[in-house]
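Computed over heavy atoms, backbone and side chain alike; hydrogens, waters and symmetry mates excluded.
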Amino acid sequence: MPKNSPQLHVFPTADAVLEALANFFVATAHHAVAERGRFAVALSGGSSPKKLYELLASPTYRARIAWEKVFFFFGDERNVPQTSPESNYLMAKTALFDPLGIAPAQVFAVDTTLDPAEAAAQYGAAIEEFFGDEPARFDLVLLGLGDNAHTASLFPHTDVLHTQAVGVQKVFVAELNAVRITMTAPLLNQARATAFLVYGAGKALAVQQILEGPRDADQYPAQLIAPGNGHVHWFMDAAAAVDLK
Ligand SMILES: O=C(O)[C@H](O)[C@@H](O)[C@H](O)[C@H](O)COP(=O)(O)O
């Protein structure tokens, strides 16, 4: 399979997708810890990954990872307090960090008490500090997909889609009338492994457009995700993959 081609992992049900991605997460973590002594993962937000995080924190999976060696980041965050039900940090804290007793020092959250531009700049600096003299390369980036083909907070027709900057930026999302803070595509694309988690019929059109439609990253931002070092994995249920040839 040519380098950079997406690797599709399609399962009959969402539960089967979650189990497969949880196993992929474990294997990726084991490899990273063996190679580098730690596992740096950028989590996705929204609703889809909540069940994945709960599964990883369940007795079946929690024993399979050296959680003290795992460092958590966020591919994007909403410009809301960390106590807001909209907060990606709060969702992960509730579903994953608290059940596993993850130490705060292992979690790198966006400081949404700051002005969004400052929050983005500070988050980018924190990522750079974590990786030190090395390039900021996450061992795994988890991504979701909106039904409009956005991923992280890379929304259609937004300026952040055109940056070459390896970092974190504020973005105003007109269709939501909301400000988000997001890792840029160049930063996401430095990852060693990238996995989309997509399930449900509502995502089928976006999946087909991204994987088989015309190249138009302004309209289908998830097409920007193409790590230079290898494959993007798509973990999907049959409903989300139904329109693929
Ligand atoms: O902050 C967010 O909302 C996510 O990072 C975003 O990119 C999400 O993955 C998609 O919007 C899909 O969201 P659902 O999983 O809720 O459909």
Side-chain angles (χ1 to χ4, degrees), residues 14-114 119 122-132 134 136-144 152 168 181-183 187-188 191-197 199 233 235:
D15 284 347
V17 178
L18 292 162
E19 292 280 353
L21 183 48
N23 284 307
F24 181 80
F25 186 102
V26 169
T28 309
H30 284 177
H31 180 73
V33 170
E35 297 266 309
R36 288 174 293 282
R38 69 181 187 193
F39 175 50
V41 56
L43 300 178
S44 69
S47 57
S48 298
K50 187 169 185 291
K51 286 181 180 175
L52 172 68
Y53 303 157
E54 290 168 344
L55 187 59
L56 289 168
S58 70
T60 310
Y61 287 92
R62 67 188 299 153
R64 294 173 55 192
I65 293 181
W67 291 103
E68 72 282 0
K69 295 192 165 89
V70 182
F71 297 87
F72 300 91
F73 297 79
F74 292 85
D76 71 323
E77 184 56 277
R78 290 84 179 278
N79 184 38
V80 297
Q82 290 180 351
T83 51
S84 163
E86 290 300 306
S87 166
N88 288 336
Y89 164 78
L90 182 63
M91 183 271 282
K93 180 179 187 293
T94 307
L96 190 62
F97 306 151
D98 288 351
L100 289 173
I102 300 293
Q106 292 174 245
V107 178
F108 294 79
V110 177
D111 182 353
T112 54
T113 64
L114 299 173
Q122 189 186 76
Y123 199 52
I127 292 168
E128 282 181 18
E129 185 181 355
F130 176 82
F131 285 100
E134 298 296 314
R137 295 187 67 194
F138 293 102
D139 296 301
L140 176 61
V141 164
L142 291 175
L143 292 171
V168 182
I181 293 103
T182 188
M183 290 185 187
L187 173 55
L188 294 168
R192 288 185 166 87
T194 304
F196 280 94
L197 171 61
Y199 51 85
H233 297 267
F235 288 83

Check: If you measure from CE on Met91 to OG on Ser84, what distance do you get to the nearest 0.5 Å?
Finding: 12.5 Å

Note to self: Using side-chain heavy atoms (C-beta onward) and a distance below 4.5 Å, is Val17 in contact with Leu52?
What the structure shows: no

Margin query: Within the 4.5 Å heavy-atom criterion, are Tyr53 and Ser44 side-chain neighbours or not?
Written below: yes

Item checked: Leu140 CG to Leu21 CG distance, which is reported to the nearest 0.5 Å -> 7.5 Å

Margin query: Going by salt bridge (Lys or Arg N to Asp or Glu O under 4.0 Å), name the residues that satisfy it together with Lys51, two or more places apart in sequence or in a different chain.
Written below: none

Item checked: Side chain proximity check, Glu77 to Met183, heavy atoms < 4.5 angstrom -> no

Next item on the list: Go through the structure and list residues passing salt bridge (Lys or Arg N to Asp or Glu O under 4.0 Å) with Glu68, not counting sequence neighbours.
Entry: none

Checklist line | All ring pair (Phe, Tyr, Trp, His ring centres under 6.0 Å) counterparts of Phe25, not counting sequence neighbours | finding: Phe39

Next item on the list: Please identify each residue that fulfils side-chain contact (heavy atoms from CB on, under 4.5 Å) with Gln106, with sequence neighbours left out.
Entry: Phe71, Ile102, Ala103

Item checked: Heavy-atom closest contact (Ala40 atom, Phe73 atom, distance) -> CB-CE1, 4.3 Å

Notebook entry, point to check: If every non-hydrogen atom of Ile65 is compared with every non-hydrogen atom of Ala29, which pair is closest and at what distance?
Noted result: CD1-CB, 4.3 Å

Check: Taking it one step at a time, do Leu56 and Leu96 satisfy side-chain contact (heavy atoms from CB on, under 4.5 Å)?
Finding: CA-CA 7 Å; Leu56 289 168; Leu96 190 62; 4.0 Å; yes

Next item on the list: Identify, with sequence neighbours excluded, every residue that meets salt bridge (Lys or Arg N to Asp or Glu O under 4.0 Å) alongside Arg62.
Entry: none

Notebook entry, point to check: Would you call Leu142 and Phe235 a side-chain contact if the rule is heavy atoms closer than 4.5 Å?
Noted result: no

Next item on the list: Of all the heavy-atom pairs spanning Ala92 and Leu43, show the shortest one and how long it is.
Entry: CB-CD1, 3.9 Å

Without placing hydrogens or testing angles, list every side-chain donor-acceptor pair under 3.5 Å for residues 123-130, not counting sequence neighbours.
| from | atom 1 | to | atom 2 | distance (Å) |
| --- | --- | --- | --- | --- |
| Tyr123 | OH | Phe74 | N | 2.8 |
| Tyr123 | OH | Phe108 | O | 2.6 |

Notebook entry, point to check: Using a distance-only test with no angle check, is there a side-chain donor-acceptor pair under 3.5 angstrom linking Glu19 and Tyr61?
Noted result: yes

Next item on the list: Looking only at non-hydrogen atoms, find the nearest pair between Ala195 and Phe24 and report the distance.
Entry: CB-CE2, 4.1 Å

Next item on the list: Report the C-alpha distance between Phe138 and Leu187 in whole Å, list the side-chain angles of each, state the deciding distance to 0.1 Å, and finish with yes or no for side-chain contact (heavy atoms from CB on, under 4.5 Å).
Entry: CA-CA 9 Å; Phe138 293 102; Leu187 173 55; 4.1 Å; yes

Check: Backbone N or O of Gly46 within a donor-acceptor pair of the Asn88 side chain at under 3.5 Å?
Finding: yes

Margin query: How close do Ala57 and Pro99 get, counting heavy atoms only, and between which atoms?
Written below: CB-CB, 3.9 Å

Check: Within the distance-only criterion (no hydrogens, no angle test), does the side chain of Tyr199 pair as donor or acceptor with the backbone N or O of Ser48 below 3.5 angstrom?
Finding: yes

Next item on the list: Could I get the full list of side-chain hydrogen bond (donor to acceptor under 3.5 Å, both in side chains) partners for Arg38, not counting sequence neighbours?
Entry: none

Next item on the list: State, yes or no, whether a side-chain contact exists between Ser87 and Lys93 at a heavy-atom distance under 4.5 Å.
Entry: no

Next item on the list: Keeping the roles fixed (side chain from Thr112, backbone from Asn79), state whether a donor-acceptor pair exists under 3.5 Å.
Entry: no

Note to self: Quick one: does any side-chain atom of Asp139 pair with a main-chain N or O of Val41 as donor and acceptor, under 3.5 Å?
What the structure shows: no

Item checked: Sequence-distant partners of Gln122, side-chain hydrogen bond (donor to acceptor under 3.5 Å, both in side chains), two or more places apart -> none

Notebook entry, point to check: Distance-only, no hydrogens or angles: does the Thr94 side chain make a donor-acceptor pair with backbone N or O of Leu90 under 3.5 Å?
Noted result: yes

Checklist line | Atom pair CG/CG of Leu188 and Leu143 - distance to nearest 0.5 Å | finding: 6.0 Å

Notebook entry, point to check: How about Ile181 and Asp76: do any of their side-chain heavy atoms sit closer than 4.5 Å?
Noted result: no

Next item on the list: Mind jotting down which residue pairs meet the ring-ring contact (aromatic ring centres under 6.0 Å, His included) criterion with at least one end in residues 78-97? Sequence neighbours excluded, please.
Entry: Phe72-Phe97

Check: What residues form a side-chain hydrogen bond (donor to acceptor under 3.5 Å, both in side chains) with Ser47, not counting sequence neighbours?
Finding: none

Item checked: Set of side-chain hydrogen bond (donor to acceptor under 3.5 Å, both in side chains) partners for Asp111, sequence neighbours left out -> Thr113

Check: Any idea which heavy atoms bring Pro49 and Leu197 closest together, and the distance?
Finding: CA-CD2, 3.8 Å

Checklist line | Working for side-chain contact (heavy atoms from CB on, under 4.5 Å), residues Arg192 and Glu35 | finding: CA-CA 12 Å; Arg192 288 185 166 87; Glu35 297 266 309; over 6 Å; no

Next item on the list: Kindly write out the residues that satisfy salt bridge (Lys or Arg N to Asp or Glu O under 4.0 Å) with Lys69, not counting sequence neighbours, or none if the list is empty.
Entry: none

